[in-house]
Amino acid sequence: METAEELRARGYRLTPQRLLVLEAIKGAGHLTAEQVLERVQPEYAMINAATIYRTLEWLKQTGLVAETDLGDGCRVYEFIAGHPHHHLTCLTCGRQIELPDELLDALRARIEREYGFALRADHMGLFGYCPECRERETPYRSPREGE
Ligand SMILES: [Zn+2]
Ligand SMILES: [Zn+2]
């Protein structure tokens with residue numbers, strides 16, 4: 001089903017602003033709120049940053065969009081419906097590796113079992129050191145290594 005149709009079916013009201021933000025972010029990868037604004041403005045010159053932020057907040061609540069800190073000092077938004085995933089970001093070179101969501105299934109199950117907590121983690125940024133950087137520099141040892 002088309003995203004807009006799906007949202008209407010779920011009872012959401014779709015204003016022109018909401019539709020434009022949705023179109024701007026869908027399939028666009030990671031975008032900052034400013035980049036979303038830049039994409040929407042040519043279509044809707046009257047739109048402002050506050051509206052963009054509000055609309056992105058709303059899209060987050062619908063579960064279609066995730067907001068994540070990927071470590072470059074700004075928060076990015078991504079349309080993740082149908083494609084939940086996570087990112088490993090290297091703290092040294094900034095390289096990113098995409099992780100499939102299934103990797104979290106065991107963690108989710110365990111958190112639910114032990115804490116009764118339903119984890120909502122559809123787009124996580126995890127930080128560390130990539131193989132190349134670990135090779136080049138003093139290897140990072142996790143606190144649990146060598147236990
Ligand atoms: Zn992503
Ligand atoms: Zn690296």
Side-chain angles (χ1 to χ4, degrees), residues 1-134 140-145:
M1 209 189 329
E2 269 296 301
T3 315
E5 266 175 60
E6 192 191 311
L7 284 168
R8 283 194 192 97
R10 284 165 62 187
Y12 290 108
R13 207 167 58 85
L14 281 171
T15 59
Q17 292 98 314
R18 285 181 168 185
L19 273 174
L20 283 169
V21 170
L22 191 60
E23 288 309 310
I25 201 166
K26 215 174 156 178
H30 301 137
L31 295 176
T32 62
E34 290 72 29
Q35 288 169 323
V36 175
L37 179 62
E38 280 165 26
R39 282 168 171 247
V40 173
Q41 236 160 10
E43 311 281 328
Y44 198 96
M46 299 293 286
I47 206 153
N48 57 32
T51 309
I52 297 288
Y53 275 110
R54 253 200 327 272
T55 310
L56 288 169
E57 276 307 308
W58 168 71
L59 281 167
K60 267 167 60 184
Q61 280 162 27
T62 68
L64 293 174
V65 164
E67 179 191 4
T68 313
D69 178 357
L70 293 179
D72 42 12
C74 49
R75 305 193 65 84
V76 294
Y77 296 85
E78 186 175 20
F79 185 84
I80 50 145
H83 181 52
H85 63 275
H86 312 280
H87 297 276
L88 298 179
T89 302
C90 176
L91 289 165
T92 305
C93 69
R95 176 175 166 207
Q96 285 196 6
I97 300 164
E98 192 173 309
L99 289 184
D101 186 55
E102 298 84 72
L103 275 182
L104 255 66
D105 287 349
L107 179 68
R108 270 195 194 95
R110 188 157 169 196
I111 287 176
E112 169 136 38
R113 201 170 55 238
E114 293 184 16
Y115 299 88
F117 189 90
L119 187 68
R120 182 178 162 186
D122 37 20
H123 190 250
M124 277 200 318
L126 299 163
F127 303 92
Y129 302 93
C130 78
E132 283 77 12
C133 292
R134 293 183 69 191
Y140 172 77
R141 288 167 58 89
S142 95
R144 290 176 55 183
E145 253 173 78

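Side-chain contact between Leu99 and Leu126 is present, with at least one heavy-atom pair separated by less than 4.5 Å. Residues Val65 and Trp58 have side chains not in contact (no heavy-atom distance under 4.5 Å, counting atoms from C-beta outward).
Of all heavy-atom pairs spanning Asp69 and Cys74, the tightest one is OD1-O, 4.3 Å. Heavy-atom minimum distance, Leu19 versus Ala4: CD2-CB, 3.8 Å.
Between Glu57 and Arg54 there is no salt bridge, since none of the side-chain N atoms of the basic residue sits less than 4.0 Å from a carboxylate O of the acidic one.
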Exercise answer: donor-acceptor pairs, residues 40-50 side-chain atoms, under 3.5 Å, sequence neighbours excluded:
residue : atom : partner : partner atom : Å
Asn48   : OD1  : Ala50   : N            : 3.3
Asn48   : OD1  : Thr51   : N            : 2.9
Asn48   : OD1  : Thr51   : OG1          : 2.8

Exercise. Go through the steps for His87 and Glu98 under the test side-chain contact (heavy atoms from CB on, under 4.5 Å), then give the verdict.
Key: CA-CA 5 Å; His87 297 276; Glu98 192 173 309; 4.2 Å; yes

Practice problem: Could you walk me through whether Leu64 and Leu7 pass side-chain contact (heavy atoms from CB on, under 4.5 Å), step by step? | Solution: CA-CA 10 Å; Leu64 293 174; Leu7 284 168; 3.6 Å; yes

Practice problem: Report the C-alpha distance between Tyr77 and Leu59 in whole Å, list the side-chain angles of each, state the deciding distance to 0.1 Å, and finish with yes or no for side-chain contact (heavy atoms from CB on, under 4.5 Å). | Solution: CA-CA 10 Å; Tyr77 296 85; Leu59 281 167; over 6 Å; no

Quiz prompt | Leu56 and Ile25: CA distance, side-chain angles, deciding distance, side-chain contact (heavy atoms from CB on, under 4.5 Å) verdict | solution = CA-CA 9 Å; Leu56 288 169; Ile25 201 166; 3.8 Å; yes

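With sequence neighbours excluded, no residue forms a salt bridge (charged side-chain N to carboxylate O under 4.0 Å, His left out) with Glu38. Not a single side chain to side chain contact (heavy atoms under 4.5 Å, CB included) links Gln61 to another residue, sequence neighbours left out. Remark: Arg95 engages Cys90, Cys93, Ile97, Cys130, Pro131, Glu132 in a side chain to side chain contact (heavy atoms under 4.5 Å, CB included) (not counting sequence neighbours). Checked against salt bridge (charged side-chain N to carboxylate O under 4.0 Å, His left out), Arg8 has no partners two or more places apart in sequence or in another chain. Taking the salt bridge (charged side-chain N to carboxylate O under 4.0 Å, His left out) definition, one finds that Arg110 meets it with Glu114, sequence neighbours left out.
Between the CD atom of Gln17 and the CG atom of Leu14 there is a distance of 11.0 Å, given to the nearest 0.5 Å. Atoms CG and NE2, from Asp101 and His86 in turn, are 3.5 Å apart once rounded to the nearest 0.5 Å. Separation of atoms CG (Leu104) and CD1 (Ile111) is listed at 8.0 Å; rounding is to 0.5 Å. In this structure, CZ on Phe127 lies 5.0 Å from OG1 on Thr89, to the nearest 0.5 angstrom. A distance of 12.0 Å separates CD of Gln35 from CD1 of Ile52, quoted to the nearest 0.5 Å. Rounding to the nearest 0.5 angstrom, the gap separating the CG atom in Leu37 from the CZ atom in Arg39 is 12.0 Å.
Counting only distance, with no hydrogens or angles, the side chain of Thr68 and the backbone of His123 share a donor-acceptor pair below 3.5 Å.
Counting heavy-atom neighbours within 6.0 Å of Arg10 CZ, excluding the residue itself, gives a total above 12.
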